[in-house]
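Just so it is clear: chains get the letters A, B, ... in the order the sequence lines come, proteins before strands, and each one is counted from 1.
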There are 2 protein chains.
Amino acid sequence: MEECRKTLCTFSGLAMVKKGIKVNEKGIILVAVIKDVAKLAGVSVGTVSKYLNTPELLREDKRAAVEDAIQKLNYKPNLFARNLRVQDSKTIAVIAQEIRNPFHAALFNTIRKEAMKYNYSVVLYSLNDINGNFDTLFETLPIHYFSGVISCYFHDMEQSIDFAKRHSKVPMVIMTNSERYFDEYDSEKIVHADFTQGIQKVCEYLISLGNTRIAYIGCRTKDQLRDPKLKGFMLTMEKHRLEPHSIVRLEKEYTMQTGYESAEQILRSGQLPDAILSDTDVMSIGVLNCLRNHGIQVPDDIMLASFDNIEQAEYCNPRLTTLNVPIEAMSVKAVELLVAQMENRECKNTGNAFELELIIRETTKNR
Amino acid sequence: MEECRKTLCTFSGLAMVKKGIKVNEKGIILVAVIKDVAKLAGVSVGTVSKYLNTPELLREDKRAAVEDAIQKLNYKPNLFARNLRVQDSKTIAVIAQEIRNPFHAALFNTIRKEAMKYNYSVVLYSLNDINGNFDTLFETLPIHYFSGVISCYFHDMEQSIDFAKRHSKVPMVIMTNSERYFDEYDSEKIVHADFTQGIQKVCEYLISLGNTRIAYIGCRTKDQLRDPKLKGFMLTMEKHRLEPHSIVRLEKEYTMQTGYESAEQILRSGQLPDAILSDTDVMSIGVLNCLRNHGIQVPDDIMLASFDNIEQAEYCNPRLTTLNVPIEAMSVKAVELLVAQMENRECKNTGNAFELELIIRETTKNR
DNA sequence: TTGTACGCGTTATCAA
DNA sequence: TTGATAACGCGTACAA
């Protein structure tokens, strides 16, 4: 007993002092644990535990006593102890691209809010921190300490899918951007929007407006041959027997700055294109800025259309014609599917495919 | 022993199966734990633990053996067990406003990256999720499971400070926006920029341009009398014996949409102001949009200036005149101070005050 | 319906 | 330098 108290003093006490948690003059922690609640309520720890997990199995008087003690002590269960015991963290890892990008911020925010509804916490892993390197992620992410994973790294679907396969036993939902992944992976693990079709819609629209010399702006992916957006562009151009004015895919991140630089590169090439198809709204905003700097009017001199429909697309000047990606709805669905997996419930795998809708604003017009 | 194995089967096995972790046909978990490493390396668990924490205290041959075993088993320490034992989570809670706001996204992202350098994880608590209610936060946030807290909820400093005081023993850093908090709180816990002075700078500049009828746009804070930005505006106007054209402070969130609506309200009031001073860039973008819809030219008909200097301020049309808040530098400092607190190091409390610099762009001009 | 006792995976202590 | 062991706080099987 003396020994025990000593240990308490040196170990917990010190550790807690270090953490800044209140301790009394004897070095005993003042943060209540289940034992303290039990003592105060005059019951056993087992009973307190039952109160926390299956309160309906408790007699009313005991229930009230425990509740009262918890209140008085401001008791909060220790999550580490609980997680350790039940081998489940109630935490979801979100593998995303870059939180400063409004598209991904919206995605992350929705996932976070939805997860909260199901009592799950969310931790963000940003692939931009590690240069999009999934091997690094594989090494650093302690994946088996998460209840589940949502992967929404559109930038390199091949790697995302590969990563998921390496963890096939872990509850996971992947947001994908191309039909081709449907065959490769369980459909109840996929939330899907067909970016190839999406770009085709945009490109068809630009062509229908009479544009023939169309420039394409994107960022270079590792597996560039399979970039679904670029593919959609190429398919549409071929279908109409049109040659791209140019294809600019810098090895940079999706930022306004990159959009600006991409536009500059197009301008340097000499002859102006009729239209620019940018594969993200964020880049488009940079494009607009660059064109304005060069005195080029949008849409009169050059038209511009892009992809995502971030909130800002409606607020820039001129307002962006773009393709709506229902990212909030997709995120809600992703969490729903993941929770079903984590809790071993069946979940109909219908309705995981989302439509992309063209939003026509001011950067395009009838010639 | 039989009993033990049985328990393993029913409990861990099942729990793990539920989680989708690999188990063999006997229900034994195939995720390696420290015991497995020890067995394979032919050492005790204590030795493996030493390898993980103080490898320099190990003999070379043992060190190599453990390293080899860890490799072979792809062993990763269980964080819950470790946290439970050492009573420290190596996790920082960030109390922020709204991750979709670019200003706060930049803030959160920098904190996250910096924290990573010191081997801390970061969890986001967004006050917008809970309507800015600190009492809710107080109840739901398991604060003593975090190694430290960074509070950057500028929207209601009174409550932020109060929250911090209620947790005075917890390592915490607060970003503040007004001189007045310096006296109330330990200076080594504060990263500071004087928003009152900042707005004064902006307002002085607008007045120096010949504007006299200036409208102010912000959002309503709970403690509106002490809103440092509004205060700066009022002080400057009084100093110049000017009456505000109008003060619009909707009870909404800081969004482009709110900025739009605020501008509409100003326009409805009849006589146009000479200039609008908006207290955040995000709102300004909405203002620009609204003015354009009404055919009002910026800066010719109305000038506009604001606060934050988010990246987008340089990319909108016209480009925003605004006040630079060095949010990245402030975030870096915040993490530095927090780490010092968490690890009981001294940290000179100099240089925690950051200067706000006026950035003149296109929404203002000499008349 | 409640209490007892054990174990989750780790680190710290102490003896060897 | 290493190994055995207790303890972190909780949930659950089983006994009462």
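Within the 3.5 Å criterion, the main-chain N or O of A:E98 finds no donor-acceptor partner in the side chain of A:N128.
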Criterion ring pair (Phe, Tyr, Trp, His ring centres under 6.0 Å) on B:F163 and B:Y153, from CA distance to verdict: CA-CA 11 Å; B:F163 180 82; B:Y153 186 63; over 10 Å; no

Working for side-chain hydrogen bond (donor to acceptor under 3.5 Å, both in side chains), residues B:D88 and B:S147: CA-CA 6 Å; B:D88 186 12; B:S147 308; 2.4 Å; yes

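As rounded to whole Å, 11 Å separates atom P of C:dT2 from atom CD of A:E60. Note: CD (B:Q87) to C1' (C:dA12) measures 13 Å, nearest angstrom. The CG-C1' distance, from A:D88 to D:dC10, rounds to 14 Å in whole Å. Whole-Å rounding puts the A:L79 CG to C:dT10 P distance at 19 Å. For the pair B:K35 NZ and C:dC8 P, the computed distance is 5 Å after rounding to whole Å. Rounded to an integer number of Å, the gap from CD1 of B:I34 to P of D:dA7 is 19 Å. The distance from atom CZ of B:F80 to atom C1' of C:dT11 is 17 Å, rounded to the nearest whole Å. To the nearest angstrom, P of D:dC10 lies 18 Å from NZ of A:K90.
Note on B:N53: a side-chain N or O is less than 4.0 Å away from OP1 or OP2 of C:dT11. Between A:Y51 and C:dT1 there is no side-chain N or O to OP1 or OP2 distance below 4.0 Å. Between A:T47 and C:dT2, a side-chain N or O to OP1/OP2 separation shorter than 4.0 Å is absent. Contact check, A:R82 against D:dG11: a side-chain N or O comes under 4.0 Å of OP1 or OP2.
Taking every heavy atom of both residues into account, A:I174 and A:S160 meet most closely at CD1-O, 4.4 Å.
Minimum atom distance to the side chain of B:D61 is reached by D:dT2, of the listed D:dT2, C:dA5, D:dG3. Side-chain atoms of B:R59 lie closest to D:dT2 of the nucleotides C:dG9, D:dG9, D:dT2. Nearest to the side-chain atoms of B:K62 among the listed nucleotides C:dG9, C:dG3, D:dG3 stands D:dG3. For A:L58, the side-chain atoms get nearest to C:dT2 when compared with the rest of D:dT5, D:dG9, C:dT2. Of the candidate nucleotides C:dG3, D:dG11, C:dC8, C:dC8 has the atom nearest to the side chain of A:L84.
To the nearest 0.5 Å, atom CD1 of residue A:I92 and atom OH of residue A:Y118 are 10.0 Å apart.
Looking at which nucleotide of DNA chain C each of A:G46 and A:E56 is closest to, the 5′-most match is held by A:E56. Residues B:G42 and A:L52 both approach DNA chain D. Their nearest nucleotides, taken by heavy-atom distance, put B:G42 toward the 5′ side.
Looking at B:R85, its side chain comes within 3.5 Å of the base of C:dT11 through a donor and an acceptor atom.
Counting only heavy atoms from C-beta outward, the side chains of B:N53 and B:R82 approach each other to under 4.5 Å.
Using a 4.0 Å heavy-atom criterion, one finds that A:V48 contacts no nucleic acid atom at all.
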